[in-house]
2 protein chains.
Amino acid sequence: MSETENGNSTLRGNKLFGALDEGELERLRPHLEVVALELKQVLYEADKPIEYVYFPIDSVSSVIATMEDGQAVEVGTIGNEGMTGLPVFLGAKTAPLTSFCQIPGKAIRMASESLRAEVVPGSRLHELLQRHTEATFVFAAQSSACNRLHSVEQRAARWLLHTHDRVDGGEFALTQEFLSQMLGVRRASVSAAAGALQGEGLIAYSRGNVRVLDRAGLEARTCECYRVIRREFDRMIGD
Amino acid sequence: MSETENGNSTLRGNKLFGALDEGELERLRPHLEVVALELKQVLYEADKPIEYVYFPIDSVSSVIATMEDGQAVEVGTIGNEGMTGLPVFLGAKTAPLTSFCQIPGKAIRMASESLRAEVVPGSRLHELLQRHTEATFVFAAQSSACNRLHSVEQRAARWLLHTHDRVDGGEFALTQEFLSQMLGVRRASVSAAAGALQGEGLIAYSRGNVRVLDRAGLEARTCECYRVIRREFDRMIGD
DNA sequence: CCCCTTCCGTACGGTGACGTACATAGAAAT
DNA sequence: ATTTCTATGTACGTCACCGTACGGAAGGGG
């Protein structure tokens, strides 16, 4: 990646860096590198060392819990509001769960040791990462309840909204097969849910591409869990 | 609570304090108070300030996500291996979720400001709480997947095992009604699941009291999620 | 151009859990 | 002892989602 892409305006594409003052950003800059993440690129595998943390710019990453029989369910997503590799921030050397890139794009990469050495208690980024840790926990907690109580269609709408919040243009690559794995349901169930949402003109999709047509309509169709999580993430940077 | 109950042997009943050296424990002691928590005593309410954090000794607390219609699902439990009020550790002043006491007993209480002032980066307790934060996240994440993929009976068995790990004597108060709320299912579903487990001689219960008769048998009946979570919590103190 | 792969629609029987409701039995209260 | 309350057993119809399977349609590569 060339040095020109390492400019402040690019770095500030991640909201955490966007909230830093010039001095702190300059201080960290030597430790940062903008990289491109490819679809389904694995960032961490369970129980393996975490070499880098990533601050997404226009990419989105997923954290998934994998069962012994291979079944997997998404338990968290990280976009330009956060950082992947939170366990490093919490002092761990290995990842507890698997992570991979869900929407390809750019991200800011930082070595785990640099994060530990440079992002010291008292710094603004340290404080932001603490808030981000809490927001990520709330995401997992609310999703847990949501998985228990709400329908496939509501959860699918929620997933689409979370992703829509993090990409430009309101359109992104997504197959029903992929979404079914994220939600932990059959593809056929996603087909039914997506068909219903499309039938109401809320989304349009074809051959692995989705476009959100009516955000407000989608929000009306999903459960309150979207609002709860969204509010928590907004609060993270806001105050 | 009398001063005699504030002795080191009592304090070390919480594993976090049990892992501290004498010096650090002495330093913190003036800020600690042993209190009794009653069944269903509310510790935190969503969006309200957190005044104290609690380090359970022989009590167990639950964190629950509550929906607008009043439905609630447990998203985390904390026993003598941890601390309630993690958001304080992460810099928040208000609780994102509701917490209450699930198994009555003793806990060490500490004012939120004391935690912030005394548990400084670099201290042993600070490091332990970082690990605990990660373990709590893994708990929520694995539960999320578990809620999606596993049966009521498996989840009920997991809940019983988690609680059994944290109480003395292998017996504790628990009604089917209460467990059904924790799991987010009908009481009738719990009745069926519990009846099956009792029929196989794994547990015995009667009028709000449960006794675990066959731990190994229960572990064989639950899903892998129990082992994953248990391992994460063991690792927290171990290394 | 045709093949082949990917992606999506749909169907069918099966089932676990749902909402609801009622009955019983032990414990507590009077 | 009788009543009252709480905890548990159980039943019935309903439904969302499951596992599986097959066919069609859209694109990509040869």
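Chain A is the first sequence line, chain B the second, and so forth, proteins listed ahead of strands; every chain is numbered from 1.
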Comparing Val185(A) and Ser206(A) on DNA chain D - which has the more 5′ nearest nucleotide
Val185(A)
Pair Gln102(B), Glu74(B): side-chain N/O donor-acceptor within cut-off below 3.5 Å
yes
Could you check how far NZ of Lys40(B) sits from P of dT6(D), rounded to whole Å?
11 Å
N-O pairing of Glu81(A) and Lys15(A) below 4.0 Å
no
Check whether any side-chain nitrogen or oxygen of Ser191(B) sits under 4.0 Å from OP1 or OP2 of dG9(D), and answer yes or no.
yes
Quick one: is dC18(C) close enough that its OP1 or OP2 comes under 4.0 Å of any side-chain N or O from Ser189(B)?
yes
Taking the inter-plane angle between the rings of Phe233(B) and Phe139(B) on a 0 to 90° scale, is it parallel (under 30°), tilted (30 to 60°) or perpendicular (over 60°)?
perpendicular
Considering just the side-chain nitrogens and oxygens of Arg186(B), establish if one lies under 4.0 Å of OP1 or OP2 belonging to dC18(C).
yes
Rounded to the nearest Å, what distance is computed from the CG atom of residue Leu174(B) to the C1' atom of nucleotide dT6(D)?
15 Å
What is the distance, to the nearest angstrom, from the CZ atom on Arg207(B) to the P atom on dT24(C)?
16 Å
Nearest whole angstrom, please: distance from the C1' of dG9(D) to the CD of Glu177(B).
14 Å
Rounding to an integer number of Å, can you tell me how far Arg148(A) CZ sits from dC17(D) C1'?
12 Å
May I have the distance from Leu179(B) (atom CG) to dA7(D) (atom P), rounded to whole angstrom?
14 Å
Tyr205(A) OH to dC8(C) C1': how many Å, rounded?
7 Å
Within the structure shown, what part of the strands sits under 4.0 Å from Ala192(A) by heavy-atom distance: base, sugar-phosphate, or nothing?
nothing
Give Ala194(A) one of three labels, base, sugar-phosphate or nothing, depending on what nucleic acid heavy atoms sit under 4.0 Å from its own.
nothing
When you measure from the side chain of Thr98(B) to the backbone N and O of Glu45(B), does any donor-acceptor pair fall under 3.5 Å?
no
Integer-rounded Å distance: dG16(C) P and Asn147(B) CG:
18 Å
Examine dT6(D): is either OP1 or OP2 under 4.0 Å from a nitrogen or oxygen in the side chain of Gln176(B)? Give yes or no.
no
Confirm from the modelled atom types if Arg187(A) and dG9(C) form a donor-acceptor pair under 3.5 Å, side chain to base only.
yes
Taking only N and O in the side chain of Gln198(B), is any of them less than 4.0 Å away from OP1 or OP2 of dT8(D)?
no
Below 4.0 angstrom, N of the basic side chain to O of the carboxylate: do Glu219(B) and Arg227(B) qualify?
no
